[in-house]
Amino acid sequence: MKLKTLLSTIALSGLTLLSASANAFFGSKDEMRLGYLVKQPEEPWFQTEWAFAEKAAKDLGFDLVKMAVPDGEKTLNAIDTLAAQGAKGFVICTPDPKLGPAIMAKAKSYDLKVVTVDDQFLNAKGEPMTDVPLVMMAATAIGERQGQELYNEMQKRGWDVTTTGVMAITADELDTARRRVDGSISALKAAGFPAGQIYRVPTKTNDIPGALDAANSLLVQYPMVKQWLIVGMNDNTVLGGVRATEGQGFTAQNIIGIGINGVDAVNELAKSQATGFYGSLLPSPDVHGYKSIASLYHWVKEGVEPSKFVEVTDVVLITRDNFKVELEKKGL
Ligand code: FCA
């Protein structure tokens with residue numbers, strides 16, 4: 001009797017397992033399956049894109065597979081997995097733009113459609129692969145805005161420009177990062193900030209620890225600087241810079257950092273005490289997440305080819321004073 005119960009339990013759980021894996025492989029309602037692959041799932045930016053891709057999946061009725069692809073190997077494996085699961089295509093923010101040709105070759109071998117988001121693929125010659133649809137923020141414009149806002153805030157505080165420096169943490173291998181930082185620096189110069197007091201330092205990794213190391217190596221070279229403006233391609237880069245200045249005794253009084261992404265700065269802006277991280281430029285991760293996957297869906301379903309380039313331009317400066325309201329306005 002006992003053995004019989006045991007056997008039927010095993011049989012039942014076997015069935016459950018089978019149907020669970022069948023669901024995972026073929027979708028629960030014969031729905032179209034699409035992937036959304038991101039390089040840094042730990043960034044709220046990408047979590048927000050995923051959340052809005054989920055919304056599109058619900059609205060349009062497809063099955064979304066979210067995957068983390070922190071390196072090239074994981075990216076190529078993820079494409080194999082997607083194909084095995086019967087997916088028809090994927091949206092990707094690649095961990096490395098130079099993977100573009102390898103990603104496209106693999107995707108083509110399985111007849112998967114590809115839409116890129118945020119970071120553009122580069123071909124073997126290092127040129128942008130303009131044939132692959134791309135949704136991204138207006139990189140130069142948002143950088144220029146960062147430079148202008150930093151300059152405005154410095155003016156508002158009446159700082160002595162002669163003792164002020166710009167710490168620009170760069171990531172030039174990533175085109176969108178290079179364009180944002182260059183935009184910021186050119187706006188600062190155009191506003192009248194002395195070019196000789198703008199110092200660039202490359203970060204090894206695009207995260208807080210990488211930027212912190214880069215900033216530390218810069219700070220020791222310029223002990224005469226009394227106030228810093230911090231430029232970087234996103235919130236984490238600027239946060240790394242701010243943390244480094246704090247280590248040298250700087251505070252909210254003599255540091256102005258303005259990030260980019262907004263959603264990655266929420267914890268910092270919510271702190272009970274102001275820090276050197278003054279604010280962030282919030283673009284539209286909701287639009288990136290929704291539009292990229294929706295365009296892929298229509299491509300697969302109706303054969304409507306997405307635009308090769310969608311530039312999302314809407315940006316707002318969030319600070320400790322307005323971040324809650326501004327995030328709410330966008331449903332974030
Ligand atoms: C790049 C950055 C991200 C985000 C995105 C829009 O991928 O690494 O932090 O700013 O562009």
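First listed ligand is number 1; within each ligand, the first listed atom is number 1. Keep in mind that what you see is a predicted model, and the values were worked out from it rather than measured.
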Using the rule given for side-chain hydrogen bond (donor to acceptor under 3.5 Å, both in side chains), can you reason through R180 versus S184, listing the C-alpha separation, both sets of side-chain angles and the distance that settles it, and then say yes or no? CA-CA 6 Å; R180 291 179 211 175; S184 190; over 6 Å; no
Within a strict 4.5 Å, meaning less than it, do heavy atoms of the V65 and L82 side chains meet? yes
H288 pairs by ring-ring contact (aromatic ring centres under 6.0 Å, His included) with which of W45, W50, Y36? W45
Under 4.0 Å from ligand 1, residues with heavy atoms, in chain and number order, are K39, E43, W45, F46, C93, D118, D119, M137, R180, M233, N234, N261
With sequence neighbours left out, write down each residue that passes side-chain hydrogen bond (donor to acceptor under 3.5 Å, both in side chains) with K58, or none if nothing qualifies. none
Can you list the residues that meet the side chain to side chain contact (heavy atoms under 4.5 Å, CB included) rule with S307, with sequence neighbours excluded? V310
Sequence-distant partners of A51, side chain to side chain contact (heavy atoms under 4.5 Å, CB included), two or more places apart: none
